[in-house]
J.: 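Below: one structure in structure tokens.
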Amino acid sequence: MKKLVVITGASSGFGKELAKQFSQDGYPLLLLARRVELLEEMNLPNTICKKVDVTNKLEFENAVRFAEEKYGKTDLIINNAGVMLLGNIENQNPQEWQQMLDVNLMGVMNGMQIVMGDMKEREGGTIINIASIAGVKPFGNHGAYCASKYGVVGLSEVARMELAPYNVRVMRICPGAVDTELLSHTTSDNIKEDYLKWKSATGVGAITPGDVARTIKFAYELPQGVNLREIQIADTKQDA
Ligand code: NDP
């Protein structure tokens with residue numbers, strides 16, 4: 001059997017597509033999200049589904065160790081869970097900032113710390129962190145979201161440097177706008193409308209979560225000695 005792949009935020013969007021595509025190719029999986037029923041609904045073989053909030057490190061670590069008992073050590077973790085609560089800095093509720101920093105940044109740090117010691121010892125393994133184009137360039141109304149994603153980019157590069165001597169890969173994926181549930185959690189209707197107007201004016205819409213998942217799987221399946229450090233992937237019509 002292939003080696004264990006852990007995917008956070010596997011209940012929708014990119015995570016769900018990643019789960020399907022890795023499963024189709026025979027990888028044993030640990031799927032994590034809060035809506036565990038959506039993970040179970042996929043009914044994938046050789047798959048453990050756990051209700052985990054990635055901000056709870058103990059819960060997260062217990063789930064990983066449980067899966068490792070069954071399938072062996074984690075060879076790939078995809079730190080994908082994230083939230084995008086758009087808002088301007090002047091007016092946004094600081095609880096929304098906190099949630100984004102906790103999930104998008106602390107969740108990724110938790111995931112990395114849970115697996116990196118073992119990977120270092122085994123001199124192998126891959127960590128893939130889902131950042132965003134909003135982690136390499138700023139967008140209006142994306143203040144705390146950009147802060148979280150710039151954070152993921154910076155921290156992934158530092159982790160890459162820490163793990164390079166041990167033959168462990170750290171990659172960051174920076175997608176542009178892709179249709180998923182991501183925008184639906186933004187609480188400002190005006191901001192949501194503007195975002196959708198921008199998408200329709202530019203014609204963004206061809207790219208799918210499946211395209212992003214396929215690209216991530218391709219990067220992982222390159223030889224261990226090859227590290228695609230950063231991938232920016234966006235709709236061809238995305239002008240920003
Ligand atoms: P979705 O909203 O469809 O998926 C987000 C996933 O994260 C869900 O499975 C959700 O599961 C999970 N999640 C959210 N909070 C938590 C938490 N506290 N603990 C565990 N899981 C959590 O969005 P996408 O698929 O689009 O997003 C995936 C990643 O890609 C995110 O990091 C996002 O920032 C990034 N991204 C997305 C882009 C896009 O345009 N779609 C562009 C650039 C980056 P549940 O609610 O069940 O816990």
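Start at 1 and go down the list; that is how both ligands and their atoms are numbered. As the structure is a computational prediction, the values presented were derived from the model and not from experiment.
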J.: Distance under 4.0 Å to a non-hydrogen atom of Phe14: what atoms of ligand 1 satisfy this?
T.: 25 (O), 28 (C), 30 (O), 36 (N), 37 (C), 38 (C), 39 (C), 41 (N)

J.: Against the six-membered ring of Tyr27, is Lys3 placed for a cation-pi contact (under 6.0 Å from the centre, within 45° of the normal)?
T.: no

J.: Please identify which atoms of ligand 1 are closer than 4.0 Å to at least one heavy atom of Val103.
T.: 15 (N), 16 (C), 18 (N)

J.: Before signing off on this row, confirm whether Thr55 and ligand 1 have an N or O atom pair separated by under 3.5 Å.
T.: no

J.: Side-chain polar contacts of residues 127-136 - donor-acceptor pairs under 3.5 angstrom, sequence neighbours left out - could you list them?
T.:
{"unit_1": "Asn129", "atom_1": "OD1", "unit_2": "Asn79", "atom_2": "ND2", "d": "2.9"}
{"unit_1": "Asn129", "atom_1": "ND2", "unit_2": "Ser156", "atom_2": "OG", "d": "3.0"}
{"unit_1": "Ser132", "atom_1": "OG", "unit_2": "Ala134", "atom_2": "N", "d": "2.8"}

J.: Could you list which atoms of ligand 1 come closer than 4.0 Å to a heavy atom of Gly82?
T.: 5 (C), 7 (O), 14 (C), 31 (C), 32 (O)

J.: Only counting residues at least two apart or in another chain, list the ones meeting salt bridge (Lys or Arg N to Asp or Glu O under 4.0 Å) with Glu221.
T.: Lys217

J.: Report yes or no: does Gln99 have a heavy atom closer than 4.0 Å to ligand 1?
T.: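 It does not, in that no heavy atom of Gln99 comes within the 4.0 Å cut-off of ligand 1.
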
J.: Of the listed options (Leu182, Ile173, Asn80), which comes nearest to atom 32 (O) of ligand 1 when hydrogens are ignored and any heavy atom counts?
T.: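 Nearest heavy atom to atom 32 (O) of ligand 1 lies in Asn80.
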
J.: Decide if atom CD of Gln95 counts as having more than 12 heavy atoms of other residues, nucleotides or ligands within a radius under 6.0 Å.
T.: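 Not more than 12 within 6.0 Å, no.
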
J.: Please say whether more than 12 non-hydrogen atoms of neighbouring residues, nucleotides or ligands are located less than 6.0 Å from NZ in Lys2.
T.: yes

J.: Looking at Glu123, I'd like to know if its CD atom is crowded, meaning that more than 12 non-hydrogen atoms belonging to other residues, nucleotides or ligands lie closer than 6.0 Å.
T.: yes

J.: May I ask whether Asn104 has any heavy atom positioned less than 4.0 angstrom from an atom of ligand 1?
T.: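 Contact absent.
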
J.: At a 4.0 Å threshold, what atoms of ligand 1 neighbour a non-hydrogen atom of Val52?
T.: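 So the answer, numbered in order with elements, is 19 (N), 20 (C).
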
J.: Quick check: Arg35 and ligand 1, any N/O pair under 3.5 Å apart?
T.: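 Between Arg35 and ligand 1, an N or O pair is found under 3.5 Å apart.
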
J.: His142 vs Tyr145 aromatic rings, parallel, tilted or perpendicular, using cut-offs 30° and 60°?
T.: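 The arrangement is perpendicular - the two ring planes meet at more than 60°.
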
J.: Take a 6.0 Å sphere around CE of Met42 and say whether it holds more than 12 heavy atoms from other residues, nucleotides or ligands.
T.: yes

J.: Would Gly107 count as a contact residue for ligand 1, given that I'm defining contact as a non-hydrogen atom of the residue lying under 4.0 Å from a ligand atom?
T.: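 Heavy atoms of Gly107 never come under 4.0 Å of ligand 1.
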
J.: What do you reckon, is CD of Glu40 surrounded by more than 12 foreign heavy atoms closer than 6.0 Å?
T.: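 Correct, the count exceeds 12.
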
J.: Could you check whether any heavy atom of Cys174 sits closer than 4.0 Å to an atom of ligand 1, since that is the contact criterion I want to use?
T.: no

J.: Which ligand 1 atoms are under 4.0 Å away from a heavy-atom of Tyr145?
T.: 33 (C), 34 (O), 36 (N), 44 (C)

J.: For atom 22 (C) of ligand 1, which candidate among Ala81, Ala10, Gly15 holds the nearest heavy atom?
T.: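 Among Ala81, Ala10, Gly15, the closest heavy atom to atom 22 (C) of ligand 1 comes from Ala81.
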
